[in-house]
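No hydrogens, no waters, no symmetry mates; every other heavy atom, side chains included, goes into these values.
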Amino acid sequence: MTHQVLARKWRPRDFESLVGQEHVVRALTHALDHQRLHHAYLLTGTRGVGKTTIARILAKAVNCEKGVSAKPCGQCSACVAIDQGRFVDYLELDAASNRGVDDMTQVLENAVYSPTQGRYKVYVIDEVHMLTNHAFNAMLKTLEEPPGHALFILATTDPQKVPVTVLSRCLQFNLKNMPPARIAGHLEHILGLEGIAFDGSALPMIGQAAAGSMRDALSITDQAIAYGAGEVREASVREMLGVVDQRIVERLVTQLIAEDAAGLMQVADEMLALNVSFERALAELARAFQQAALAQAGVLNDEAAALNLQTLQALADHCSATRLQVYYQIALHGLRDLPLAFDAHGGMCMILLRLLAFKPMGSTVPLTASAPSSAQPQARVTTNPVASARAALSSAPRAATLRATPAMPVQVATVEPSAPTPAPARSIAAAVQPSVARVFDGRWTELASTLPLSGMLGQFLRQSEYLKHEEDDGLVAISLRVPVRQFSEAAMVSKVQESLAAKLGKPVKLSVELGAVQATVQAADEAARQARFSQARAGIESDPNVQSLLSEFDARIVPESVRPLDE
């Protein structure tokens, strides 16, 4: 069998042909040129980004017969043997299958002997995070002070599982994922050298499917060549990968811009007939929303655009930045919930209708308030536009109107009094005057809210309850109750006592006991907050505009959506 897969045939043989890891190449090149090699390296990154490839190139660089250099010749017996995997002084160990302490001990015992063929013994331990704790402990001493002829290169896809004691003994390089555009450019170069016909529009699909891995991209390309009978064509790659046709996503975006529910349902029906993956279509739709937001910000990369640039620009022009964020979140949550739907087609239809139904508060139009009544406060409500619905209700039968303009529940955002109303009750903590009398009068919540303490000490003040106090000319004795044991520790009590003494201008003796508390600064603030919420809900429920919506459209108020202005 003479055929060699692309991933092996086009594996980089030197630093110059390595793609996408310039930061690692630069550091290693300088180290080799200045003879400042470290004894242990840790290469991290996802699969197929070049960890083992860099290890092999580094092994050739230090063992090349023409001398240690960042540009190994690739032709001497050492370089050829390393490329072919038969160099005696180059050992690749798979830690996933050789993870025990005995395996590591055997490697370390051999490391003390001088190289047989080359200058250095190079040990590459792949997936090093799979080693057991005993194996890691066994290698620590050798990894810190190895023989002068030994070079350790550790590779892992999960560096969080590598002990800190090992990390501290290595130079760590984090290899980057390959961007789809970079992968597509490299594939174009390889296919050109291979003499394989291809469509330029097919390569970005492969780059996207590779998810940052150049090796995966080359494997997918091999599959595409076989699937396309020796060619890489857009149609065959799209069918092989199950990529959604851009025209379908563009039609969804167009109907969404036009707010045409019937048009969206028609596209969903066509997707069902064509057996298009609803999950992939929804993911592409979310990607379109993301790129439209980038277009609004002026940072969209035209080469990486998911859709036609005119369609993306139309979406960016039609939707506000807030609406695009809402669309993006609906698409993401729909993608998560789609497997839960009893029917994928029905779930997709509901998600598309949800995109029409939900609009951010910033994009809605406030109702025109009627003349305020002197008997009750008026409120300005932010809701979905209903003017067109009212006009339709007056000029057409009610059943036909409901089909044309579906009734939606009122989305209440804020309540803003249009006329001066009494200010909500302020908490005791907020009503305290800047200064407190030097003689303590028992109003603990007022005193506690003025002390300049934060963190745990501040929580002590907010959650403690006053019990009693005694005062004479020379001392103020205060007793408090605290809810948790940490607040009764001597160090914390001492710091609060010092702050009280500075505030009152007299020596203070503070004593605390552990128990349930009620009358605290925190409880007073929470009571005042609940009062503001109750006032806001009462204002929205009594508003005539809201009452009109409730009666005419069978709407309802979502209680948790009502917020006081200061919230």
Side-chain angles (χ1 to χ4, degrees), residues 5 7-8 11-12 15 18-28 31 37-59 85 90-108 111 121-144 146 150-180 182-183 186 206-220 283 332 335-336:
V5 298
R8 294 185 60 191
R11 189 172 200 165
F15 288 128
L18 192 67
V19 179
Q21 308 298 345
E22 288 79 6
H23 62 298
V24 180
V25 171
R26 180 180 179 181
L28 294 179
L37 280 174
H38 200 269
H39 58 267
Y41 293 91
L42 177 65
L43 305 178
T44 66
T46 189
R47 72 200 183 282
V49 294
K51 299 184 296 294
T52 307
T53 297
I54 291 176
R56 289 187 180 180
I57 297 174
L58 185 57
Y90 176 77
L91 174 65
E92 286 189 14
L93 178 69
D94 181 16
S97 55
N98 300 276
R99 57 194 306 263
V101 64
D102 295 335
D103 300 312
M104 186 53 57
T105 301
Q106 183 179 359
V107 171
L108 298 177
K121 278 190 171 182
V122 180
Y123 294 92
V124 179
I125 305 177
D126 200 10
E127 298 300 337
V128 69
H129 67 275
M130 299 291 288
L131 291 177
T132 63
N133 289 332
H134 292 299
F136 274 124
N137 292 333
M139 69 184 296
L140 284 179
K141 186 61 177 177
T142 304
L143 195 63
E144 183 174 13
L151 180 64
F152 289 89
I153 304 176
L154 314 181
T156 178
T157 56
D158 196 354
Q160 288 80 11
K161 294 183 179 179
V162 179
V164 178
T165 50
V166 174
L167 294 176
S168 64
R169 290 165 166 82
C170 302
L171 287 187
Q172 182 172 349
F173 292 106
N174 300 314
L175 276 64
K176 301 176 182 177
N177 283 3
M178 307 290 180
R182 190 71 178 271
I183 291 176
H186 189 57
I206 297 177
Q208 195 73 33
S213 170
M214 185 64 75
R215 183 178 62 213
D216 286 4
L218 291 171
S219 298
I220 294 173
L332 285 186
L335 191 61
R336 178 197 63 189

Engineer: Working to the nearest 0.5 angstrom, can you tell me the gap between L42 CG and S168 OG?
Structural biologist: 11.0 Å
Engineer: Among residues at least two apart in sequence or on other chains, which ones pass side chain to side chain donor-acceptor pair (under 3.5 Å) with T165?
Structural biologist: none
Engineer: About how many Å separate CD1 of I183 and CG of L218, when rounded to the nearest 0.5 Å?
Structural biologist: 9.0 Å
Engineer: Can you tell me if T53 uses its side chain to pair, donor with acceptor, with the backbone of P12 under 3.5 Å?
Structural biologist: no
Engineer: Quick one: salt bridge (Lys or Arg N to Asp or Glu O under 4.0 Å) pairs with a partner in residues 151-160, sequence neighbours left out?
Structural biologist: D158-K161
Engineer: Can you list the residues that meet the ring-ring contact (aromatic ring centres under 6.0 Å, His included) rule with Y123, with sequence neighbours excluded?
Structural biologist: F152
Engineer: Only one of R215, H186, M214 passes side-chain contact (heavy atoms from CB on, under 4.5 Å) with M178; say which it is.
Structural biologist: M214
Engineer: Identify, with sequence neighbours excluded, every residue that meets side chain to side chain donor-acceptor pair (under 3.5 Å) alongside R99.
Structural biologist: none
Engineer: List the residues meeting side chain to side chain donor-acceptor pair (under 3.5 Å) with S219, not counting sequence neighbours, and say none if there are none.
Structural biologist: none
Engineer: Is it true that atom CD of Q172 has more than 12 heavy atoms of other residues, nucleotides or ligands lying nearer than 6.0 Å?
Structural biologist: yes
Engineer: Take L154 and V166, measure what side chain to side chain contact (heavy atoms under 4.5 Å, CB included) needs, and give me the verdict at the end.
Structural biologist: CA-CA 10 Å; L154 314 181; V166 174; 3.9 Å; yes
Engineer: Which side-chain N or O atoms in residues 20-28 pair as donor and acceptor under 3.5 Å with protein atoms at least two apart or in another chain?
Structural biologist:
{"residue": "Q21", "atom": "OE1", "partner": "K176", "partner atom": "N", "Å": "2.9"}
{"residue": "Q21", "atom": "NE2", "partner": "V49", "partner atom": "O", "Å": "3.4"}
{"residue": "Q21", "atom": "NE2", "partner": "K176", "partner atom": "O", "Å": "2.8"}
{"residue": "E22", "atom": "OE2", "partner": "R182", "partner atom": "NH2", "Å": "2.6"}
{"residue": "H23", "atom": "NE2", "partner": "N174", "partner atom": "O", "Å": "2.8"}

Engineer: Please identify each residue that fulfils side-chain contact (heavy atoms from CB on, under 4.5 Å) with D103, with sequence neighbours left out.
Structural biologist: N98
Engineer: If every non-hydrogen atom of A138 is compared with every non-hydrogen atom of L108, which pair is closest and at what distance?
Structural biologist: O-CD1, 3.2 Å
Engineer: Could you tell me which residues satisfy side chain to side chain donor-acceptor pair (under 3.5 Å) with T156, sequence neighbours excluded, listed by chain and number?
Structural biologist: H129
Engineer: Looking at M104 and A135, what are the two nearest heavy atoms and their distance?
Structural biologist: CG-O, 3.7 Å
Engineer: With rounding to the nearest 0.5 Å, note down the distance linking NE2 in H38 to CG in L151.
Structural biologist: 10.5 Å
Engineer: Of all the heavy-atom pairs spanning A96 and M130, show the shortest one and how long it is.
Structural biologist: CA-CB, 3.9 Å
Engineer: R336: what forms a side-chain contact (heavy atoms from CB on, under 4.5 Å) with it, not counting sequence neighbours?
Structural biologist: H333
Engineer: Looking at every heavy atom in both I206 and A217, which two are closest together, and how far apart are they?
Structural biologist: CG2-O, 3.7 Å
Engineer: So, taking the atom named CE in M139 and the one named CD1 in I125, what distance separates them when rounded to the nearest 0.5 Å?
Structural biologist: 4.0 Å
Engineer: Rounded to the nearest 0.5 Å, how far does OG1 of T157 lie from CG of D126?
Structural biologist: 8.5 Å
Engineer: So which heavy atom on V124 is nearest to which on A55, and how close?
Structural biologist: CG2-CB, 3.7 Å
Engineer: Of all the heavy-atom pairs spanning K51 and A155, show the shortest one and how long it is.
Structural biologist: CB-CB, 4.1 Å
Engineer: Hey, what do you get for CZ (R56) to CG (L58), rounding to the nearest 0.5 Å?
Structural biologist: 13.5 Å
Engineer: Can you pull the side chain to side chain donor-acceptor pair (under 3.5 Å) pairs that have at least one residue in residues 131-143, sequence neighbours excluded?
Structural biologist: none
